[in-house]
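Read the structure below first, then the notes.
Along the sequence shown, residues are numbered consecutively beginning with 1.
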Amino acid sequence: MDLKTAEKYMRLAIKQAKRGADKTTPNPLVGCVITKNKKIVASGYHKQFGGPHAEIVALKKAGKKAEGATCYVTLEPCAYYGKTPPCVDTVIRSGVKELVCAAKDPNPLNRGRGLKILKQHGIIVSTGILKREAEALNTGFFRRMRRERPLTTLKLAQSLDGKIATNKGDSKWVSSPESRKLVQDLRKKHDAILIGINTLISDDPALTIRNSKRQPFKVIVDTKLKAPLTAKVFTSLSPGKTIIATTMRSSRIKERALRDKGARIIRVGSISNRVGLKALMKQLLLMGIGSVLVEGGGEIAASLLEKRFIDKLYLFIAPILIGGRGAPCSIGGDGVAKISQAVKLTDLKVKRIGKDLLVETDVYRDN
């Protein structure tokens, strides 16, 4: 392989990848260029989340010309089922003789597996061409995968005095119809919606996307398996798969009953008699869940913030005052002991949504 030529075509692949900016999250930006006899026969990029990957787009354009060609791709082809079938299968069937890859996939589901399979099928594989430039396309994606957890967004809806419900538990509706419509849009951008067991019991949400064939996973953090078997998430009112995250000590009898309702039970190690969130997040990532929208409640929000597992925050503030010492706050837990320990927010944006205010911000992490 001529290094100068490889860098030339990889730069073009990187340029292709950039065309998908702001459309692929939480997936990475990926570009692909296919050459034969020193001529470009096809190129492509990952256009949007859930759509075909860059290699698939380029190989489809190349058709029979791909046989004996060289494929330049900015990220290692996937070898697992996610939103789309494994890309390595299509690469192998295409007949390309060589694949030049800029960066290996940091996803623990892949991490060199795709390249290994291609080599086993006689395809010449080269890696590291413009690696730094390719990784710079997806700094957030690489950081997230190396931390072994999904991109995590926290959505909170509260009164002006920070309450999410009254002291009697009434929480419908704190936010405006316009805000709730925006939450539907947020759900469309995530693979899963996560709530705590208290929210399931008090609100009995369906956790669905209205008028959509694609439904997110519903993840319920339920340490003691207290989920009611009559909850909406187990009925036809809530299509899509429900995952119950619990500990090793919870009831096996209740587990069987929940499985009979169609739920998948994940048992992870417990921390202070609660579901270990780090282990849960890693498990979700290994299931192919790349992004999670956390919708409640205050205790699960506090736990995730404490662990520095939140990447982005959407805070809807309604122009009402609820009051009451017993009324739950949007963020529970024990809180920090010192102001210097408070969670830092960056790139803060504020706008009106109906009668509400929306604060959209990134969450600063020091790790």
Side-chain angles (χ1 to χ4, degrees), residues 152-187 190 193-210 218-223 226-228 230-233 237-238 274 277 292-307 309-339 341-345 348-363:
T152 307
T153 302
L154 174 62
K155 185 277 295 183
L156 298 171
Q158 66 173 50
S159 63
L160 193 58
D161 55 341
K163 306 295 184 178
I164 59 174
T166 68
N167 58 9
K168 301 297 183 182
D170 181 26
S171 60
K172 293 185 178 180
W173 294 98
V174 172
S175 58
S176 68
E178 293 84 354
S179 292
R180 298 197 296 274
K181 184 177 183 298
L182 181 55
V183 171
Q184 288 286 311
D185 293 334
L186 286 177
R187 289 179 177 181
H190 292 79
I193 303 170
L194 183 148
I195 63 171
I197 184 59
N198 291 335
T199 299
L200 182 72
I201 292 172
S202 62
D203 295 350
D204 193 18
L207 304 179
T208 56
I209 301 172
R210 298 189 191 101
K218 297 158 287 181
V219 183
I220 317 297
V221 180
D222 186 1
T223 299
K226 297 191 296 182
T230 55
K232 287 179 184 175
V233 293
L237 295 174
S238 180
R274 293 185 176 184
L277 293 176
V292 173
L293 178 63
V294 181
E295 293 201 19
E299 294 304 314
I300 196 71
S303 297
L304 288 165
L305 284 166
E306 180 185 346
K307 295 291 185 182
F309 287 171
I310 301 297
D311 301 290
K312 198 170 187 67
L313 168 66
Y314 286 83
L315 176 61
F316 296 89
I317 304 174
I320 58 174
L321 299 172
I322 294 176
R325 294 187 187 91
C329 298
S330 56
I331 300 175
D334 295 327
V336 298
K338 299 179 180 179
I339 295 298
Q341 298 171 332
V343 175
K344 309 298 191 302
L345 306 176
L348 189 144
K349 302 173 185 175
V350 181
K351 59 183 176 181
R352 289 288 296 270
I353 305 293
K355 294 180 179 180
D356 301 336
L357 287 179
L358 170 61
V359 179
E360 179 183 345
T361 177
D362 292 334
V363 180

Next on the checklist: Show the nearest heavy-atom pair for residues Leu200 and Ala231, with the distance to one decimal.
Outcome noted: CD1-CB, 4.2 Å

Checklist entry - Hey, does the side chain of Ser238 reach the backbone of Ala206 with a donor-acceptor pair shorter than 3.5 angstrom? => result yes

Next on the checklist: Could you check whether atom NZ of Lys172 has more than 12 heavy atoms from other residues, nucleotides or ligands sitting under 6.0 Å from it?
Outcome noted: yes

Item to check | Steps toward side chain to side chain contact (heavy atoms under 4.5 Å, CB included) verdict (Leu207, Val233) | outcome: CA-CA 7 Å; Leu207 304 179; Val233 293; 4.2 Å; yes

Checklist entry - Out of curiosity, Leu154 CG to Tyr314 OH, how far, rounded to the nearest 0.5 Å? => result 11.5 Å

Next on the checklist: Measuring from atom NZ of Lys155 to atom CD1 of Ile193, what distance do you get when rounded to the nearest 0.5 angstrom?
Outcome noted: 9.5 Å

Item to check | Neighbour count above 12 (heavy atom, 6.0 Å) for Asp334 CG | outcome: no

Item to check | Lys349 versus Thr361, side-chain donor and acceptor atoms under 3.5 Å | outcome: no

Item to check | Worked check of side chain to side chain contact (heavy atoms under 4.5 Å, CB included) between Ile300 and Leu277 | outcome: CA-CA 9 Å; Ile300 196 71; Leu277 293 176; 4.0 Å; yes

Checklist entry - Can we say Glu360 and Lys312 salt-bridge, meaning some charged N sits less than 4.0 Å from an Asp/Glu carboxylate O? => result yes

Next on the checklist: I need the Leu313 CG to Leu305 CG distance, nearest 0.5 Å.
Outcome noted: 7.5 Å

Checklist outcome for this item: Shortest non-hydrogen pair, Glu295 vs Ile195, comes out as CB-CG2, 4.1 Å

Checklist entry - Run the side chain to side chain donor-acceptor pair (under 3.5 Å) check on Asp311 and Thr153 step by step: do they pass? => result CA-CA 6 Å; Asp311 301 290; Thr153 302; over 6 Å; no

Item to check | Shortest non-hydrogen contact from Ser171 toward Asp203 | outcome: OG-OD1, 3.0 Å

Checklist entry - Do any N or O atoms from the side chain of Ser303 and from the backbone of Glu299 form a donor-acceptor pair under 3.5 angstrom? => result yes

Checklist entry - Looking at CG of Leu357 and CG of Leu160, how far apart are the two atoms once the value is rounded to the nearest 0.5 Å? => result 8.0 Å

Next on the checklist: Test your reading of the model: is there a side-chain donor-acceptor pair from Gln184 to the backbone of Arg210, 3.5 Å cut-off?
Outcome noted: yes

Item to check | Exercise: identify the closest heavy-atom pair between Ala301 and Leu156 | outcome: CB-CD2, 4.3 Å

Checklist entry - In Å, rounded to the nearest 0.5 Å, how long is the span from NZ of Lys181 to CG of Leu186? => result 11.5 Å

Checklist entry - Checking Lys355 side chain against Glu178 main chain: does a donor-acceptor pair fall under 3.5 Å? => result no

Checklist entry - Does Gln341 use its side chain to pair, donor to acceptor, with the backbone of Lys338 at less than 3.5 Å? => result yes

Checklist entry - Residues two or more places apart in sequence or in another chain: which of them pass side-chain contact (heavy atoms from CB on, under 4.5 Å) with Thr223? => result Thr247, Arg274, Val275

Checklist outcome for this item: Ile322 and Ala327 have their tightest heavy-atom pair at CG2-CB, 4.4 Å

Checklist entry - Between Arg187 (side chain) and Thr208 (backbone), is there a donor-acceptor pair under 3.5 Å? => result yes

Checklist outcome for this item: Between the OG atom in Ser159 and the CD1 atom in Ile164, the distance rounded to the nearest 0.5 Å is 9.5 Å

Item to check | Main-chain N/O of Lys232 paired with Asp204 side-chain donor or acceptor, under 3.5 Å | outcome: yes

Checklist entry - Sequence neighbours excluded, which residues qualify as side-chain hydrogen bond (donor to acceptor under 3.5 Å, both in side chains) partners of Asp356? => result Ser176, Ser179

